[in-house]
Every structure is written in C-alpha cells, then in structure tokens.
Amino acid sequence: TFNTTFNTIVFGEGNPSARLMFIGEAPGATEDQTGRPFVGDAGALLDKMILAMGTRREDVYIANVLKTRPPGNATPTPEQAELCAPYLYDQIIAVRPTVIVALGMPAARQILQTESTMASLRGIWATWRHPAPQTSYAPTVAAEFVADVMPTYHPAFLLKSYTPENRAKVWADLKKAAERLGLKPRA
Ligand code: URA
C-alpha cells in the first residue's frame with residue numbers, strides 16, 4: 001500500500017558538491033512539516049557534531065534513506081528502503097562525496113547491503129559503490145564512483161542513550177571521517 005500519511009517529500013539539502021555526506025533514516029515530524037532533513041532534536045545534535053568535526057552544515061550534504069515520513073514514524077522496513085534507494089543512490093553520485101557518514105542501522109544496512117549490527121560496523125571504513133549502476137541516470141559515472149563510508153550510531157539513539165561510552169564511540173567515528181577529509185576536528 002502507498003504511504004499517504006506524510007505532508008512533504010524531504011529530499012535532502014546542503015552543498016551539492018559536498019565532500020562529506022550524512023545519510024540518516026527517515027524524516028521525523030519536524031522534517032515532515034518543514035521539508036528539511038534533520039531539523040528536530042536529532043538535527044540539533046547533528047549540527048553540533050558537524051561543527052565539532054570542523055565544518056559547517058551548509059558545507060555538507062544531508063539526506064535520508066526514506067524521503068517521506070514513515071506511517072507511525074516507524075523504523076523503515078527493508079521494502080520501504082529499497083523503494084527509496086534509487087533516489088538515494090542518484091543523490092550520492094550527483095554529490096560525489098569523498099566520505100559518507102551512515103547514521104544508524106537503516107542507513108548502514110542500505111548503503112553497505114549488510115545485515116551486520118551497528119556494534120560490529122561502526123568505526124570501520126567501508127566502501128560504497130552503486131549496486132546497480134546501469135539503473136542510474138548517469139550509468140558511466142555511477143559505475144566508476146566510490147565513496148568511503150563511516151557507519152556510526154544515529155544521533156537520535158545517542159539522545160536516548162547519552163552515555164559517556166556512546167558519545168565517545170560516535171565522536172571517535174566522526175573524527176576519523178573529519179581527518180580523512182583533512183578537516184580540523186575539535187580535540
Ligand atoms: N531527521 C531526519 O531527517 N532523519 C533522521 O534520521 C532523523 C531525524
């Protein structure tokens with residue numbers, strides 16, 4: 001069945017040639033109202049993370065696996081994620097980021113095509129390639145493009161489990177991403 005419970009399509013926003021791209025899960029209530037990604041509580045934390053990494057929100061690109069708010073704000077199902085995946089993949093090859101930070105399990109699973117847990121994925125560099133480049137609007141570009149992927153916990157998870165351990169883990173992951181880009185992260 002079609003999802004008819006959302007108000008706006010939240011495509012993504014930011015620098016269209018950003019070197020750093022964040023991929024979240026799905027629009028929440030505030031995102032669905034405003035049409036912009038990561039503008040609620042999780043977004044406020046993401047903004048702080050971006051600044052701590054030594055860059056600015058307007059210099060990165062921010063997208064989600066799902067482009068519309070899931071009914072009941074539920075975690076995206078793999079089927080919903082697959083339906084939105086072509087938009088996400090074309091977004092990635094249009095922006096051509098050097099580094100993708102996959103925020104949370106749905107993003108990590110969709111980007112890396114894995115069933116692994118976040119505990120085993122986070123903090124370890126992975127690679128994104130278009131899984132079906134011939135389906136892209138720019139097949140040659142899609143076939144050749146690769147991006148480094150750093151999976152980490154979602155800021156909404158961090159807000160719920162705001163422990164020194166979890167904060168240290170996310171910060172270690174984000175620092176790796178910043179350093180890969182030659183940014184000057186906060187110590
Ligand atoms: N806002 C978003 O845009 N994405 C998330 O995953 C969470 C909040």
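We count ligands from 1, going down the list as the structure has it; atoms in each ligand are counted the same way.
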Exercise. Has K67 got its NZ or CZ under 6.0 Å from the middle of the six-membered ring of Y87, at an angle within 45 degrees of the ring axis?
Worked result: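 No - K67 does not lie over the ring of Y87 by the 6.0 Å and 45° rule.
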
Expected rows: ligand 1 N/O, protein N/O, dist below 3.5 Å:
| residue | atom | partner | partner atom | Å |
| --- | --- | --- | --- | --- |
| ligand 1 | 1 (N) | E31 | OE2 | 2.9 |
| ligand 1 | 3 (O) | F38 | N | 2.9 |
| ligand 1 | 3 (O) | N64 | ND2 | 2.8 |
| ligand 1 | 4 (N) | A26 | O | 3.0 |
| ligand 1 | 4 (N) | N64 | OD1 | 2.7 |
| ligand 1 | 6 (O) | E25 | N | 2.8 |
| ligand 1 | 6 (O) | A26 | N | 3.4 |
| ligand 1 | 6 (O) | N64 | OD1 | 3.4 |
| ligand 1 | 6 (O) | H154 | NE2 | 2.7 |

For this session: Using a strict cut-off of less than 4.0 Å between a Lys/Arg side-chain nitrogen and an Asp/Glu carboxylate oxygen, indicate whether E179 and K184 qualify as a salt bridge.
Result: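 K184 and E179: not salt-bridged.
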
Exercise. Got a salt bridge between D59 and R56, using NZ or NE/NH1/NH2 to carboxylate O under 4.0 Å?
Worked result: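 Salt bridge flag = yes for R56 with D59.
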
Exercise. Would S161 and T163 count as a side chain to side chain donor-acceptor pair (under 3.5 Å) if you check the C-alpha gap in whole Å, the side-chain angles of each, and the deciding distance to 0.1 Å?
Worked result: CA-CA 6 Å; S161 308; T163 65; over 6 Å; no

Exercise. When the ring centroid of H154 is compared with that of F38, is the distance short of 6.0 Å?
Worked result: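 Judged by ring-centre distance (under 6.0 Å), H154 and F38 do meet the cut-off.
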
For this session: Count the heavy atoms belonging to other residues, nucleotides or ligands that lie under 6.0 Å from CG of N7, then report whether that count exceeds 12.
Result: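 More than 12 within 6.0 Å, yes.
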
